[in-house]
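Since the structure comes first, as structure tokens, the remarks are kept for the end.
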Amino acid sequence: MEEHYEPAKVERQAQDYWAAHDTFRALEDTTKEKFYCLSMFPYPSGRLHMGHVRNYTIGDVISRYQRMRGKNVMQPMGWDAFGLPAENAAIKNNVPPARWTYENIDTMRTQLMRLGFGYDWARELPTCRPEYYRWEQWFFTRLFRKGLVYKKKAIVNWDPVDQTVLANEQVIDGRGWRSGAAVERCEIPQWFLKITDYAEQLLRDLERLPDWPAQVLAMQRNWIGKSEGVEIGFPYNGGVLKVFTTRADTLMGATYVAVAPEHPLAARAAQDDERVAAFIEDCRQGGLAEAELAVQEKKGVPTKLTVQHPLTGERLPIWVANYVLMAYGEGAVMAVPAHDERDFEFAHQYGLPIKQVLEHVLRRVKPWKERSPGAGEDQYYEFDPATWKDWYASKSVDDVLVVNSGKYNGLSSAEAIDAIAADLAAKRLGEKRTQFRLRDWGVSRQRYWGCPIPIINCRTCGAVPVPDEQLPVVLPEDVTFKGVKSPLKTNPDFYRTECPSCGGPAERETDTFDTFVESSWYYARFCSPDNNRAMLDARVDYWLPVDQYIGGVEHAVLHLLYARFFHKLMRDEGLVKGDEPFTRLLTQGMVLNGGIKMSKSKGNIVDPEALIERFGADTVRLFMMFAAPPEQALEWSESGVEGAHRFLRRLWRQVYIHVDDNNQSIAGGQRLGEDQKRLSRKLHETIVKVSDDIGRRYTFNTAIAANMELLNELSRFGDRSPQGRAVMQEALEAIVLMLSPIVPHIAHRLWRALGHETAVVNCAWPRPDEGALARETTELVVQVNGKLRGHIQVPAGADRVQTEQTALSNDNVRRYIEGRRVRKLVVVPNRLVNIVVE
RNA sequence: GCCCGGGUGGCGAAAUCGGUAGACGCAAGGGACUUAAAAUCCCUUGGCCGUAAGGCCGUGCCGGUUCGAGUCCGGCCCCGGGCACCA
């Protein structure tokens with residue numbers, strides 16, 4: 001073999017071998033256990049970044065490991081090709097989004113190949129191709145017919161200068177990023193998928209995902225946000241205002257109601273009240289992002305309208321308040337300032353009455369007499385959220401008593417909820433129901449570079465889905481952008497059509513789908529990417545569910561929830577079996593440079609390609625897997641990369657010295673000497689550890705560290721006897737096998753150098769040898785009162801008495817127990833003895 | 001603001017189920033080889049005290065549980081991710 005490690009040459013040879021042998025082509029084979037390993041596909045932004053390299057290295061390591069475990073592995077790759085950046089590039093550089101996208105895909109594909117990932121490229125799938133999105137359109141028309149799709153008005157960010165809808169990302173400090181104009185919220189009709197119909201299932205089935213990270217399950221659970229409560233009607237002149245509350249027990253403490261600025265009652269109040277109209281107009285300022293809305297100052301305005309309390313008939317004022325979200329519940333709340341922090345803050349600010357109806361203690365002070373001159377003595381309460389929360393946390397709803405509430409006095413909170421709900425039901429002004437925080441999924445985007453929504457709008461027939469035989473509705477790719485507006489909106493060739501129902505003139509929908517729609521089902525299409533007669537076919541039954549899914553934790557809620565939703569939709573359409581798409585999930589951490597995320601604006605991007613050029617793909621892969629466990633943020637380090645490269649050179653050198661030592665033969669099978677035995681035991685302990693680290697724990701960093709330790713031992717092992725060389729051969733082979741998923745190219749070459757005709761990619765994972773693992777003695781530590789005082793050796797399998805005696809007779813230990821009474825002896829087998837003395 | 005994470009040497013980290021804190025690597029310092037440099041190899045390396053044996057302190061902060069806490073519990077501080085039109 002060559003004396004020096006030349007990554008470029010070694011990597012080309014390995015990649016040529018895999019290509020020539022179609023190594024990663026995955027075919028259905030019912031005689032073998034399948035393993036579908038999927039990494040979240042990239043948006044083709046231009047060039048691969050370190051986050052991609054990390055994500056795809058993790059996936060490739062798992063895939064190659066499972067292959068060595070005998071699984072029939074499928075690892076596909078595709079492109080999440082629709083999206084906003086292509087349009088921005090088009091507007092900026094006058095290049096059609098399609099061309100920009102396809103060129104990026106070509107660049108990034110080459111980069112992925114250069115990294116040696118074992119993808120089945122025959123399944124490659126760009127979502128911007130009609131072969132892909134026609135099935136998305138077809139599926140949408142199925143959902144339409146099932147009533148799972150509807151149109152309603154929804155709020156968007158409106159740029160009044162560019163006359164266009166902005167993404168949240170394009171709203172910076174309340175202004176449009178290109179025009180700089182103050183953004184307004186306005187309502188336009190949009191298509192929605194009824195994900196709320198599946199809320200219960202999406203919540204319940206989280207229990208079927210034991211191999212998902214607990215924090216992702218928690219985030220999804222909270223996002224879906226199921227709460228049990230009561231819908232209460234407050235009658236007013238001309239109707240009933242509905243609110244939802246989880247705390248119906250506090251109904252008698254309601255002192256006003258508040259509606260969102262977009263609520264119909266707000267509009268009605270504004271008709272003859274300029275102050276209300278001005279407030280509503282004022283609330284339209286700014287973007288729609290919840291993070292923005294949640295931190296803004298709580299503001300409100302009283303209306304001239306009132307509602308009746310459903311039980312007492314008392315008149316309560318209606319306020320319009322910016323802290324009430326139209327998107328949650330009914331867009332209106334009953335306000336109970338004494339027992340709700342936000343309501344309290346608001347009531348405090350505007351001098352609204354506070355009526356205590358639960359027996360908790362309010363601090364009596366005189367906070368706002370000046371602001372609220374008419375307030376009675378009993379209203380001088382200071383809300384002390386800390387006291388209130390602590391007190392509440394210490395009690396259950398069964399313990400807290402209702403006060404100041406007429407016939408409900410003396411009931412517990414829980415009893416009061418039931419009693420009040422029953423009384424409301426009798427009056428037809430309320431009923432118990434479940435409310436979800438989850439909202440229906442708005443899929444309309446007023447953009448060009450997306451999948452056209454397959455709907456035709458007809459004056460007489462309304463919204464008509466495009467019939468199957470007219471699919472796909474092809475997005476014209478040869479377009480020029482005039483300004484920022486979607487070219488579809490101004491292209492009569494695209495939108496002028498006939499109504500499929502009545503044949504009259506009609507117009508196509510010019511909105512496109514949210515790109516989350518494409519990424520919600522691509523994992524299934526990878527099983528049948530070439531089928532031009534159906535969305536999916538029987539092959540999904542072999543490959544699905546995905547055994548291992550890997551991607552950024554930033555997708556913990558939206559993408560992963562939408563994909564789970566789509567799986568259930570496809571299941572109910574008879575397209576897939578099973579309830580969940582991803583059996584096991586790994587959420588990988590970000591790649592940081594200087595403690596912050598790599599980004600263009602920070603100027604701290606490190607280009608993977610330059611590194612591959614300098615050190616080779618194996619070094620980059622090794623560093624990525626060694627620097628941190630996959631779920632943690634990874635700090636970029638130039639010298640760390642050099643360290644990884646040094647390790648590969650040391651490994652190469654060790655193999656070179658071993659195989660170059662021609663004057664000595666290899667002969668195993670005889671009784672091993674002490675050093676040989678020690679090395680052999682270390683080897684097999686390493687196999688046990690690395691198998692667990694890669695196969696179960698996914699802590700690739702510690703797996704690599706264990707191999708480094710073993711190699712360090714090897715370099716200290718100077719035994720060149722035939723027997724010693726046999727142990728060395730076995731150890732080097734095991735290291736090469738164990739590292740091959742991580743650094744497959746160098747492993748490919750070294751495996752050959754160690755005398756094998758076979759390719760390492762097709763080899764089986766090494767097995768530990770029980771005999772080699774056996775130990776004659778165990779080392780334990782001895783503590784006195786929990787402090788480390790000595791180390792002892794006991795024979796393997798020593799009993800408790802013998803272990804205790806050995807511990808008590810240790811010289812250093814005796815210094816600490818001399819003259820003191822031993823109160824307790826704690827023995828943890830194979831670990832420690834703790835002697836507790838007075 | 002709400003939901004979810006994280007905080008351990010000079011740095012990245014390890015400690016898997018409550019049981020030896022700092023494996024492995026980087027950086028730094030010392031040495032070997034070399035005309036020299038690179039490369040490579042060897043040694044030292046949490047802080048403080050001690051010639052040494054060894055000792056004391058130490059896992060963001062405060063408190064608790066335990067024979068024993070980086071790990072569990074309560075409270076706080078700081079950093080990161082997500083918040084529905086970035087993907």
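The structure presented is a predicted model; accordingly, all values stated were derived computationally and were not measured. Reminder, nothing fancy here: chain letters follow the sequence lines and each chain counts from 1. Below, all heavy atoms of this structure are taken into account, side chains as well, without hydrogens, waters or symmetry copies.
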**Message:** Quick test of your reading of the model: are A/R820 and A/E838 salt-bridged, counting only N-O distances below 4.0 Å?
**Reply:** no

**Message:** For a quick test of reading the model: is some side-chain N or O of A/Q632 closer than 4.0 Å to OP1 or OP2 of B/A13?
**Reply:** yes

task = Please check the phosphate of B/A84 (OP1 and OP2 only) for any side-chain N or O of A/N168 closer than 4.0 Å.
result = yes

Pairing partner of B/A39, by Watson-Crick or G-U wobble and under 3.5 Å for both distances, is none

Practice item. Would you indicate what A/L166 reaches in the nucleic acid, counting non-hydrogen atoms under 4.0 angstrom: base, sugar-phosphate, or nothing? Key: base

When rounded to whole Å, the CD to P distance for the pair A/E169 and B/C83 reads 10 Å

With sugar-phosphate meaning primed atoms plus P, OP1 and OP2, does A/H559 contact a base, only sugar-phosphate, or nothing at under 4.0 Å between heavy atoms? nothing

ask   = Can you find a donor-acceptor N/O pair under 3.5 angstrom joining the side chain of A/E554 to the base of B/C83?
value = no

- prompt: With a 4.0 Å cut-off on heavy atoms, is A/V781 in touch with a base, just the backbone sugar-phosphate, or nothing at all?
  reply: base

- Message: Looking at A/N834, I'd like to know whether one of its side-chain N or O atoms comes within less than 4.0 Å of OP1 or OP2 on B/U20.
- Response: no

The side-chain hydrogen bond (donor to acceptor under 3.5 Å, both in side chains) partners of A/W79 (sequence neighbours excluded) come to A/E124

Counting primed atoms, P, OP1 and OP2 as sugar-phosphate and everything else as base, the B/S/- map of nucleotides 46-59 of chain B against protein heavy atoms under 4.0 Å is --------SSSS--

By the Watson-Crick or G-U definition, both distances under 3.5 Å, B/G1 is matched with B/C83

Quote, to the nearest angstrom, the C1' distance that separates B/G80 from B/A28. 30 Å

Practice problem: For B/C43 versus B/A23, give the span between their P atoms, rounded off to a whole number of Å. | Solution: 14 Å

Next on the checklist: Taking the P atom in each of B/U44 and B/C76, what is the distance between them to the nearest angstrom?
Outcome noted: 46 Å

inquiry  = Between A/S637 and B/G12, is there a contact of a side-chain N or O with OP1 or OP2 at under 4.0 Å?
reply    = no

Applying the 3.5 Å cut-off to both distances, the Watson-Crick or G-U partner of B/U44 turns out to be B/A28

Can you check the distance between B/G46 and B/U65, where both ends of the measurement are the C1' atom (answer in whole Å)? 28 Å

**OP:** Describe the nucleic acid contact of A/P42 in one word from base, sugar-phosphate, nothing, applying a heavy-atom distance below 4.0 Å.
**Re:** nothing

_When you measure from the side-chain N and O atoms of A/R697 to the phosphate of B/A15, is any distance below 4.0 Å, counting only OP1 and OP2?_
yes

Which atom pairs link the protein and nucleotides 3-5 of chain B when you take only N or O atoms and keep those under 3.5 Å?
{"residue": "B/C3", "atom": "O3'", "partner": "A/N222", "partner atom": "ND2", "Å": "2.7"}
{"residue": "B/C3", "atom": "O2'", "partner": "A/N222", "partner atom": "ND2", "Å": "2.9"}

The correct set of residues in residues 443-451 of chain A placing a heavy atom under 4.0 Å from RNA chain B is A/S444, A/R445, A/Q446, A/R447

- When the P atoms of B/G18 and B/U71 are considered, how many whole Å apart are they? 11 Å

Applying the 3.5 Å cut-off to both distances, the Watson-Crick or G-U partner of B/A14 turns out to be none

So, with a heavy-atom separation below 4.0 Å from RNA chain B, the residues of residues 638-652 of chain A are A/S639, A/G643, A/R646, A/R649, A/R650

Answer for the Watson-Crick or wobble partner of B/C67, both distances under 3.5 Å, is B/G19

For A/D693, the salt bridge (Lys or Arg N to Asp or Glu O under 4.0 Å) test, sequence neighbours excluded, returns A/K689, A/R697

| message | Would you measure the distance from the C1' atom in B/G9 across to the matching atom in B/C57 and give it in whole Å? | response | 14 Å

message = Between B/C73 and B/G58, how far apart are the two P atoms, rounded to whole Å?
response = 22 Å

* When you compare B/U59 with B/C11, how far apart are their P atoms, in angstrom units rounded to a whole number? -> 15 Å

Across every strand shown, the nucleotide meeting Watson-Crick or G-U wobble geometry with B/C76 (both distances under 3.5 Å) is B/G60

Using a 4.0 Å heavy-atom cut-off across all strands, classify A/V295 as base, sugar-phosphate, or nothing.
base

### Message
Looking at A/N707, I'd like to know whether one of its side-chain N or O atoms comes within less than 4.0 Å of OP1 or OP2 on B/C24.
### Response
no

